[in-house]
Amino acid sequence: MNSLNRVVIFGATSAIAEHTARQLVQNGASVYCIGRNTDKLNRIIADLKVRAGSDQTIDGVSADLSDINQHLRLIEQASEALGGLDAALIAHGTLPDQKACEADVELTLQEIQTNALSVVSLLSLLANQFEAQGKGVIAAISSVAGDRGRQSNYVYGSAKGMVSLFMQGLRNRLAKKGVSVVTIKPGFVDSPMTADFDKSGPLWAQPDVIAKGIVNAMQKGKGEVYLPWFWWGIMQIIKHIPEAIFKRLSL
Ligand SMILES: NC(=O)c1ccc[n+]([C@@H]2O[C@H](COP(=O)([O-])OP(=O)(O)OC[C@H]3O[C@@H](n4cnc5c(N)ncnc54)[C@H](OP(=O)(O)O)[C@@H]3O)[C@@H](O)[C@H]2O)c1
């Protein structure tokens with residue numbers, strides 16, 4: 001089992017990240033939270049402090065994670081505050097307006113910056129630090145959307161696909177170095193990101209359920225995890241539809 005005593009969370013204001021932080025703190029972890037929305041971040045830190053014991057450190061700072069130049073400093077700050085790092089969770093993301101992106105290449109590149117490049121930057125910096133210390137867990141929330149490009153959300157999907165593939169390579173690099181690289185692939189989650197979606201049907205999950213799966217995967221050092229588990233089966237089918245048929249579908 002991996003130790004999750006000192007954890008930095010990027011995108012800590014996300015609903016999934018907030019529930020993950022709660023579960024980590026409940027298990028006795030110290031947590032450093034990094035999020036963009038200062039008010040929301042402060043509320044989350046205050047709530048975690050109430051849940052934590054006197055021997056746990058709960059701290060954090062607000063930052064726009066699209067600004068890659070800040071990443072090294074943020075990791076150093078987190079490490080300093082917690083007295084070292086056992087694990088990192090990268091959770092920030094946006095759900096782009098696909099139609100707006102199609103009409104605006106700048107917007108497309110901005111979305112790719114947030115959902116892929118900023119994640120790649122954090123993964124790279126964390127990988128080097130954890131490799132040097134010979135242990136650690138690096139987890140990032142990708143998505144089932146990254147498994148196959150679809151007309152309705154291929155800007156988001158391709159960014160998540162890059163994260164998944166980058167992590168696959170990183171996992172391969174760090175497997176023998178004592179570092180776990182954990183790719184989280186949720187399906188539909190009831191969170192602010194999907195506030196405008198119709199949530200009827202059995203495929204929707206609550207953030208606390210996803211959080212439980214994330215903590216479990218990080219502890220066990222799993223590779224790729226579909227959450228809930230049944231998305232593995234759904235994506236096997238979607239990935240294996242022949243392209244000649246797939247391109248005619250309205251997915
Ligand atoms: N909800 C789903 O159905 C679903 C499915 C698969 C994967 N995911 C992934 O799960 C992760 C968490 O999403 P969620 O469902 O918990 O939705 P959420 O509550 O909307 O969380 C997304 C978070 O990302 C933050 N963020 C966006 N851009 C940022 C930036 N440049 N710098 C710092 N923070 C930034 C947002 O901060 P602000 O509050 O400042 O905007 C927000 O707190 C995301 O990576 C998402 O892509 C979600």
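Indexing begins at 1, ligand by ligand and atom by atom, following the structure's order. Just the heavy atoms: all of them, side chains too, but no hydrogens, waters or symmetry mates, feed the values below. Source: prediction; values computed, not measured.
- At least one heavy atom of G187 lies less than 4.0 angstrom from ligand 1.
- When H19, Q70, H92, K160 are checked for heavy-atom proximity to atom 35 (C) of ligand 1, H92 turns out nearest.
- Given atom 22 (C) of ligand 1, the protein heavy atom at minimum distance is G93 O, 3.4 Å.
- Closest protein heavy atom to atom 7 (C) of ligand 1: S142 O, 3.3 Å.
- Under the 4.5 Å side-chain heavy-atom criterion for grouping Ile, Leu, Val, Met, Phe, Trp and Tyr, V8 is connected to V163 within one hydrophobic cluster.
- Nearest non-hydrogen protein atom to atom 19 (O) of ligand 1 is A15 N, 2.9 Å.
- Atom numbering of ligand 1 starts at 1 in the shown order; those under 4.0 Å from a heavy atom of T194 are 1 (N), 2 (C), 3 (O).
- Atoms of ligand 1 lying under 4.0 Å from at least one heavy atom of D64, given by number and element, are 30 (C), 31 (N), 32 (N).
- A salt bridge does not link R73 to E80: none of the charged side-chain nitrogens sits closer than 4.0 Å to a carboxylate oxygen.
- The closest side-chain heavy-atom distance from T57 to Y32 is not below 4.5 Å.
- At least one N or O atom of I16, backbone or side chain, sits closer than 3.5 Å to an N or O atom of ligand 1.
- In this structure, of S66, A63, A91, P192, the residue bringing a heavy atom nearest to atom 12 (C) of ligand 1 is A91.
- Residue M193 places at least one N or O, backbone or side chain, under 3.5 Å from an N or O of ligand 1.
- Here the side chains of I75 and Q129 are in contact, with some heavy-atom distance below 4.5 Å.
- Every atom of ligand 1 is numbered from 1 in the order shown, and the set under 4.0 Å from a heavy atom of T94 is 27 (C), 28 (N).
- Within the 4.5 Å cutoff, side-chain heavy atoms of Q56 are placed close to those of V25.
- Annotation: atom 3 (O) of ligand 1 to nearest protein heavy atom, V189 N, 2.8 Å.
- Within 6.0 Å of the CD atom in Q151, the count of heavy atoms belonging to other residues, nucleotides or ligands exceeds 12.
- The single protein non-hydrogen atom nearest to atom 21 (O) of ligand 1 is S14 CB, 3.0 Å, given as residue, atom name and distance.
- An N or O contact shorter than 3.5 Å is missing between T114 and ligand 1 by distance.
- Inter-residue side-chain proximity for K185 and S164 is flagged as met; some heavy-atom pair is nearer than 4.5 Å.
- When only non-hydrogen protein atoms are considered, atom 38 (P) of ligand 1 lies nearest to R36 NH2, 3.7 Å.
- Between the CG atom in L24 and the OG atom in S30 there is a gap of 10.5 Å [rounded to 0.5 Å].
- Here's the thing with L65: one of its N/O atoms is less than 3.5 angstrom from an N/O atom of ligand 1.
- With a 4.0 Å cut-off on non-hydrogen atoms, Y156 touches ligand 1 through its side chain and not its backbone.
- The shortest side-chain heavy-atom distance between N115 and M162 does not fall under the 4.5 Å cut-off.
- Atom 15 (O) of ligand 1 has S191 OG, 2.6 Å as its closest protein atom, hydrogens excluded (heavy atom only).
- What you find for D67 and H71 is that their closest heavy atoms are O-CD2, 3.6 Å.
- Not close to ligand 1: K185, with no non-hydrogen atom less than 4.0 angstrom away.
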Which side-chain N or O atoms in residues 95-105 pair as donor and acceptor under 3.5 Å with protein atoms at least two apart or in another chain?
| unit_1 | atom_1 | unit_2 | atom_2 | d |
| --- | --- | --- | --- | --- |
| D97 | OD1 | K99 | N | 3.1 |
| D97 | OD1 | A100 | N | 3.1 |
| Q98 | OE1 | Y154 | N | 3.1 |
| Q98 | OE1 | V155 | N | 3.1 |
| Q98 | NE2 | E102 | OE2 | 2.9 |
| K99 | NZ | E102 | OE1 | 3.2 |
| D104 | OD1 | E106 | N | 3.0 |
| D104 | OD1 | L107 | N | 3.2 |

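- With respect to the salt-bridge test (charged N to carboxylate O, under 4.0 angstrom), the residues R22 and D47 qualify.
- A salt bridge links R43 with E18; the closest basic N to acidic carboxylate O contact falls under 4.0 Å.
- Near F188, meaning under 4.0 Å from any of its heavy atoms, are these atoms of ligand 1: 3 (O).
- Looking at atom 42 (C) of ligand 1, its nearest protein heavy atom turns out to be T13 OG1, 3.9 Å.
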